[in-house]
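Okay, so here's the structure we're looking at.
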Amino acid sequence: MIEMDDVFFERVYEQVRRVPAGSVCTYGTIAELAGYPKASREVGFAMSRVQRGWNLPCHRIVNAKGTLAPTYAFGGHRVQRQLLEEEGVTFVDDETIDMARHRWPPLDEPSGPEQLALPLG
DNA sequence: CAGCTGACCATAC
DNA sequence: AGTATGGCCAGCT
């Protein structure tokens with residue numbers, strides 16, 4: 001049984017809880033938000049220790065490409081995909097999330113050329 | 001203390 | 001396209 005007293009786990013889970021429904025977040029981003037910018041792998045490890053009663057939306061955490069967790073995590077990609085689609089997450093592939101639409105937190109970099117070229121009206 | 005592992009990430013070929 | 005490799009770091013043996 002994993003103790004929630006572990007600082008690393010506690011901080012990681014705290015960030016996972018912040019991910020809103022309908023959005024997803026990557027292991028690397030969770031690691032950054034938790035204060036461990038390079039510990040993305042450990043975030044994945046922390047996810048594997050998550051249990052049902054913890055109320056953690058671990059299905060909203062995916063890798064940088066947007067592909068879903070391995071089969072054993074949720075009993076198959078179908079299950080995780082079902083959970084995400086229920087929340088409004090769209091997919092570009094059977095097991096790949098549309099990261100551009102659903103990545104959280106949103107990237108509002110001013111260097112986005114499309115935002116400067118928005119047609120009026 | 002030392003070595004291995006992994007729900008990762010980026011790069012190179 | 002896919003496959004290999006190096007870096008990363010907390011947890012486990």
Side-chain angles (χ1 to χ4, degrees):
Chain A
M1 187 65 178
I2 296 296
E3 302 285 341
M4 292 292 280
D5 302 333
D6 292 89
V7 180
F8 174 78
F9 281 74
E10 185 179 336
R11 290 185 63 82
V12 167
Y13 294 151
E14 186 176 325
Q15 299 306 320
V16 174
R17 271 189 266 263
R18 296 169 69 90
V19 182
S23 297
V24 296
C25 192
T26 70
Y27 301 100
T29 302
I30 289 293
E32 283 187 42
L33 295 175
Y36 302 79
K38 298 297 186 178
S40 56
R41 310 191 66 176
E42 296 316 299
V43 174
F45 181 74
M47 294 297 97
S48 68
R49 304 292 94 149
V50 170
Q51 300 186 15
R52 291 258 179 102
W54 297 0
N55 195 28
L56 281 170
C58 48
H59 58 278
R60 297 182 194 141
I61 312 303
V62 294
N63 60 29
K65 289 189 313 211
T67 53
L68 303 180
T71 306
Y72 58 81
F74 294 95
H77 314 111
R78 278 281 299 165
V79 180
Q80 186 178 6
R81 183 180 176 182
Q82 177 82 30
L83 291 170
L84 292 168
E85 287 182 329
E86 293 272 338
E87 298 177 349
V89 176
T90 57
F91 285 69
V92 297
D93 196 1
D94 286 343
E95 50 188 276
T96 307
I97 294 168
D98 188 346
M99 294 300 285
R101 273 178 63 88
H102 300 291
R103 186 191 293 261
W104 180 92
L107 302 118
D108 289 327
E109 298 295 330
S111 51
E114 298 182 7
Q115 293 184 357
L116 302 176
L118 281 176
L120 300 176

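Excluded from the calculations below are hydrogen atoms, water molecules and symmetry mates; all remaining heavy atoms, backbone and side chain alike, are included. First the proteins, then the strands, lettered A, B, ... as listed; each starts at 1.
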**Study point:** Main-chain N/O of A:Gly22 paired with A:His102 side-chain donor or acceptor, under 3.5 Å
**Key:** yes
Exercise for review: Keeping the roles fixed (side chain from A:Gln80, backbone from A:Ala69), state whether a donor-acceptor pair exists under 3.5 Å.
Suggested key: yes
Between [N] ([atom2]) and [X] ([atom1]): distance, integer Å:
X       : N      : atom1 : atom2 : answer
A:Met99 : B:dC8  : CE    : P     : 13 Å
A:Tyr13 : B:dA7  : OH    : C1'   : 11 Å
A:His77 : B:dA7  : NE2   : C1'   : 10 Å
A:Lys65 : C:dG2  : NZ    : C1'   : 10 Å
A:Ile30 : B:dA7  : CD1   : C1'   : 13 Å
A:Glu32 : C:dA10 : CD    : P     : 15 Å
A:Phe8  : C:dC8  : CZ    : P     : 16 Å
A:Phe45 : B:dA7  : CZ    : P     : 8 Å

Point to revise | Sole candidate of A:Val50, A:Val43, A:Ile30, A:Asp6 that passes side chain to side chain contact (heavy atoms under 4.5 Å, CB included) when paired with A:Tyr13 | key: A:Val50
Proximal nucleotide (of [options]) relative to the [X] side chain:
X       : options              : result
A:Lys38 : C:dG7, B:dA7, C:dC9  : C:dC9
A:Phe9  : B:dC9, C:dG11, B:dA7 : C:dG11
A:Tyr36 : C:dA10, B:dA7, B:dC9 : C:dA10
A:Arg41 : B:dC8, C:dA10, B:dA7 : B:dC8

**Study point:** Lys/Arg cation over aromatic A:Tyr36: A:Arg11, 6.0 Å, 45° cone
**Key:** no
**Study point:** Quiz item: cation-pi between A:Arg41 and A:Phe45, 6.0 Å / 45°
**Key:** no
Review point. Going by number, which of residues 67-76 of chain A have a non-hydrogen atom under 4.0 Å from DNA chain B?
Key: A:Ala69, A:Pro70, A:Tyr72, A:Ala73, A:Phe74
Review point. Salt bridge between A:Arg81 and A:Glu85, side-chain N to carboxylate O under 4.0 Å?
Key: yes
Exercise for review: Salt-bridge test for A:Lys38 and A:Glu32: reply yes if a basic N is under 4.0 Å from a carboxylate O, no otherwise.
Suggested key: no
